[in-house]
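What follows is a short report on a single structure.
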Amino acid sequence: MTRSWRTTLAIVGSAAVWLSGLVLAAQGPVSPAAGKKAGEAFKNVTTSTLKELSVDDFIASMGLISANLGLDCADCHPNAGTDKADFVIDTPRKATTRRMVEMVAGINRTNFGGVQRVTCWTCHHGRITPATTISLDAWYDTPNIELDDAVRQESGQPTADDVLDKFIAAIGGPDRLARVTSFVATGNAIGYGELGGNADFTLFAKSPSQRAILISYKDTERPASSWSFDGRTGWIKTPRGLLSEYELVGSELDGARFEAQLAFPGQIKQALSNWRGATTRSIGDRDFLVVQGSGARGFLATLYFDPKTSLLSRMVRYGPSPIGRMPTQIDYADYRDVSGVKFPFEYKFTWLDGRYTAKLSKVDTNVPIDAARFGRPAAR
């Protein structure tokens, strides 16, 4: 793909994809008060469907709309990406987006008892104007590769319990995993397509559910970005974003919690409930065993395991929103042994407003970590 919106989305630590015809606040970086809803935090969120969202879920929903329609921030917000960006002005496209969001909510409410069966993606599929006629080449040649969000047990495949047990054994076994109570992983973060610059990457983790990521730039004036979860509260800090810092209180908080728990995989079975699968799904030209678990507030996580090694290759987590599930994906590769436990030395993080790859050079286990690392980012 060569369209500029895809490269815009890919910059490390970029702000949320502000397509918000729905939409935003004052010029320049702001930090909304913790716990405020989108309709309170931003001046121009007028759709009843979205103004009740938490700030973190509202930000993710903007990225979801952008991806569903194949748009960039500037397609709705004049001069987005510059110092002259106007996120408040109303435009015809914003007005249309507002109507479409309410239309989708109305369809689900009227026809499906409020269950979300129709989303923006249902019709748009990355296009501003939905296609209305099938391509005959697609009908007779290219198969539909879109997958259901839900995973179901496939005949002849192992149970979810079997897959998870093999993963725990392959990564080191429950005894060795239990002996790892903290770790610090260091390396480099590489922006998608090398956009956004390269940076130092540090991952801090403490059992059972504390985790923080810090991306810092030594050779530029770009401020550091961070994602943190202290076991109860979570924060994101992206200084060059419209929201320079905000607390996670919606489904993004559930996602941060699960990623923190997954850093200590011996507890994977307890991290979610209602585990189901396995089924077979492909990444590229390879097949993987896939299981799925559920969490609170409609949270879902789908895990892809390599059938040859039993190691985790991909995790996709989904948070609910009124306009569709909001996905975040992490790919794991280059597993290496560290004191008897296998750690991935390559992470590829992909979400609705950014993508980067972290390549580790070192993992230190059972080291002391200042509790402040997992809390609200320090002012700098």
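Numbers for residues simply follow the sequence, beginning at 1. FYI, side chains are in, hydrogens and waters are out, and symmetry mates aren't considered; it's all heavy atoms of this structure.
- Put simply, the side chain of Q292 gets close to the backbone of V151: a donor and an acceptor are under 3.5 Å apart.
- At distances below 3.5 Å, not a single donor-acceptor pair connects side-chain atoms of D200 with backbone N or O atoms of S216.
- Put simply, the side chain of S209 never gets that close to the backbone of Q261: no donor and acceptor are under 3.5 Å apart.
- Residues D56 and S54 have side chains that bring a donor and an acceptor to within less than 3.5 angstrom of each other.
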Are T365 and V338 close enough, and set up right, to give a side chain to side chain contact (heavy atoms under 4.5 Å, CB included), and what steps lead you there? CA-CA 8 Å; T365 61; V338 179; 4.0 Å; yes

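- For the pair D331/Y304, no side-chain contact is recorded, criterion being any heavy-atom separation below 4.5 Å from C-beta on.
- The shortest heavy-atom contact between P158 and L289 is CG-CD1, 4.1 Å.
- Taking CD1 of I330 as the start and NZ of K348 as the end, the distance is 13.0 Å to the nearest 0.5 Å.
- The closest donor-acceptor contact from the side chain of D334 to the backbone of F345 lies at 3.5 Å or more, if one exists at all.
- Residues passing the salt bridge (Lys or Arg N to Asp or Glu O under 4.0 Å) test with E154, sequence neighbours excluded: none.
- Listed by chain and residue number, R99 satisfy the side chain to side chain donor-acceptor pair (under 3.5 Å) test with T96 (two or more places apart in sequence, or in another chain).
- For P377 against S226, the heavy-atom pair with the smallest separation is CG-OG, 3.6 Å.
- Taken from NZ in K94 to CG in D75, the straight-line distance is 12.5 Å, to the nearest 0.5 Å.
- Put simply, CD on Q116 and CD1 on I323 are 8.5 Å apart, with the number rounded to the nearest 0.5 Å.
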Side chain to side chain contact (heavy atoms under 4.5 Å, CB included) for L272 and S294? Distances and angles first, verdict last. CA-CA 5 Å; L272 297 175; S294 303; 5.9 Å; no

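- Aromatic ring centres of Y332 and Y347: separated by under 6.0 Å.
- R276 places a side-chain N or O within 3.5 Å of a backbone atom of N274 that can act as its donor or acceptor partner.
- Using a 4.5 Å cut-off on side-chain heavy atoms (C-beta onward), L53 and V45 make no contact.
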How far apart are the C-alpha atoms of L262 and L312, what are their side-chain angles, what is the distance that settles it, and do they pass the side chain to side chain contact (heavy atoms under 4.5 Å, CB included) test? CA-CA 10 Å; L262 196 58; L312 179 64; 4.1 Å; yes

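- In terms of heavy atoms, G250 sits closest to R297 at O-NH2, 2.8 Å.
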Between side-chain atoms of residues 171-187 and protein atoms elsewhere (two or more places apart, or another chain), which donor-acceptor pairs fall under 3.5 Å?
{"from": "T181", "atom 1": "OG1", "to": "N366", "atom 2": "OD1", "distance (Å)": "3.1"}
{"from": "S182", "atom 1": "OG", "to": "V367", "atom 2": "N", "distance (Å)": "3.0"}
{"from": "S182", "atom 1": "OG", "to": "V367", "atom 2": "O", "distance (Å)": "2.7"}

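- L69 and M326 fall within the same hydrophobic cluster, where Ile, Leu, Val, Met, Phe, Trp and Tyr residues are linked whenever their side-chain heavy atoms come under 4.5 Å apart, directly or through other members.
- A105 and T49 make their closest contact through CB-OG1, 3.6 Å (heavy atoms, listed as atom of the first residue, atom of the second, distance).
- Contacts of S321 classified as side chain to side chain donor-acceptor pair (under 3.5 Å), with partners at least two apart in sequence or in another chain: none.
- Within 6.0 Å of atom NZ in K359, 12 or fewer heavy atoms from other residues, nucleotides or ligands are found, so the atom counts as exposed in its surroundings.
- In this structure, the separation between CD1 on I59 and CD on E252 is 9.0 Å, given to the nearest 0.5 Å.
- Side-chain atoms of D306 come within 3.5 Å of backbone atoms of K308 as a donor-acceptor pair (strictly under, hydrogens ignored).
- A heavy-atom distance below 4.5 Å is not found between the side chains of K237 and R376.
- Here D149 contributes atom CG and R325 contributes atom CZ; the two are 4.5 Å apart, rounded to the nearest 0.5 Å.
- With F167 as reference, F305 is the one residue of Y335, F305, W275 to meet the ring-ring contact (aromatic ring centres under 6.0 Å, His included) rule.
- Across all their heavy atoms, R127 and A131 have their closest contact at NE-N, 3.5 Å.
- Rounding to the nearest 0.5 angstrom, the gap separating the CD atom in E52 from the OG1 atom in T47 is 10.0 Å.
- Both F229 and I215 are members of a single hydrophobic cluster when ILVMFWY side chains are connected at heavy-atom separations under 4.5 Å.
- Across every non-hydrogen atom of A205 and I369, the tightest pair is O-CD1, 3.4 Å.
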Could you walk me through whether T280 and Q157 pass the side-chain hydrogen bond (donor to acceptor under 3.5 Å, both in side chains) check? CA-CA 8 Å; T280 303; Q157 296 297 344; 3.1 Å; yes

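- Of the possible donor and acceptor atoms, one in the side chain of N111 sits under 3.5 Å from a partner among the backbone N and O of I107.
- In this structure the side chain of P307 never reaches within 4.5 angstrom of the side chain of D287, judged on heavy atoms.
- Take S207 and apply the side chain to side chain donor-acceptor pair (under 3.5 Å) test, not counting sequence neighbours, and it matches no residue.
- W227 is not listed as a side-chain neighbour of L248, based on a closest heavy-atom distance of 4.5 Å or more.
- Annotation: salt bridge (Lys or Arg N to Asp or Glu O under 4.0 Å) contacts of D230 (sequence neighbours excluded): none.
- Ring pair F349/Y356 is parallel by interplanar angle, where below 30° counts as parallel and above 60° as perpendicular.
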After noting the C-alpha distance and the side-chain angles of Q329 and R314, does the key distance pass the side chain to side chain contact (heavy atoms under 4.5 Å, CB included) rule? CA-CA 7 Å; Q329 179 175 296; R314 170 174 290 181; 3.2 Å; yes

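- A side-chain donor-acceptor contact under 3.5 Å links N108 to the backbone of V118.
- A salt bridge links D90 with R98: the closest approach of a Lys/Arg side-chain nitrogen to an acidic carboxylate oxygen falls below 4.0 angstrom.
- In this structure, I213 and L203 have side chains that are in contact, with non-hydrogen atoms separated by less than 4.5 Å.
- In this structure, the side chains of S228 and R373 stay at 4.5 Å or more apart for every pair of heavy atoms.
- Considering only heavy atoms from C-beta on, F343 stays 4.5 Å or farther from L360 through its side chain.
- L64 and M62 fall within the same hydrophobic cluster, where Ile, Leu, Val, Met, Phe, Trp and Tyr residues are linked whenever their side-chain heavy atoms come under 4.5 Å apart, directly or through other members.
- Formation of a donor-acceptor pair under 3.5 Å by the Q153 side chain with backbone atoms of A278 is found in this model.
- The aromatic rings of F58 and F42 are tilted relative to each other, their planes meeting at an angle between 30° and 60°.
- Cluster annotation: F299 and L352 are assigned to the same hydrophobic cluster (Ile/Leu/Val/Met/Phe/Trp/Tyr, side-chain heavy-atom contacts under 4.5 Å, transitive).
- By the rule that hydrophobic residues join a cluster once side-chain heavy atoms approach within less than 4.5 Å of another member, L311 and I168 end up as members of one cluster.
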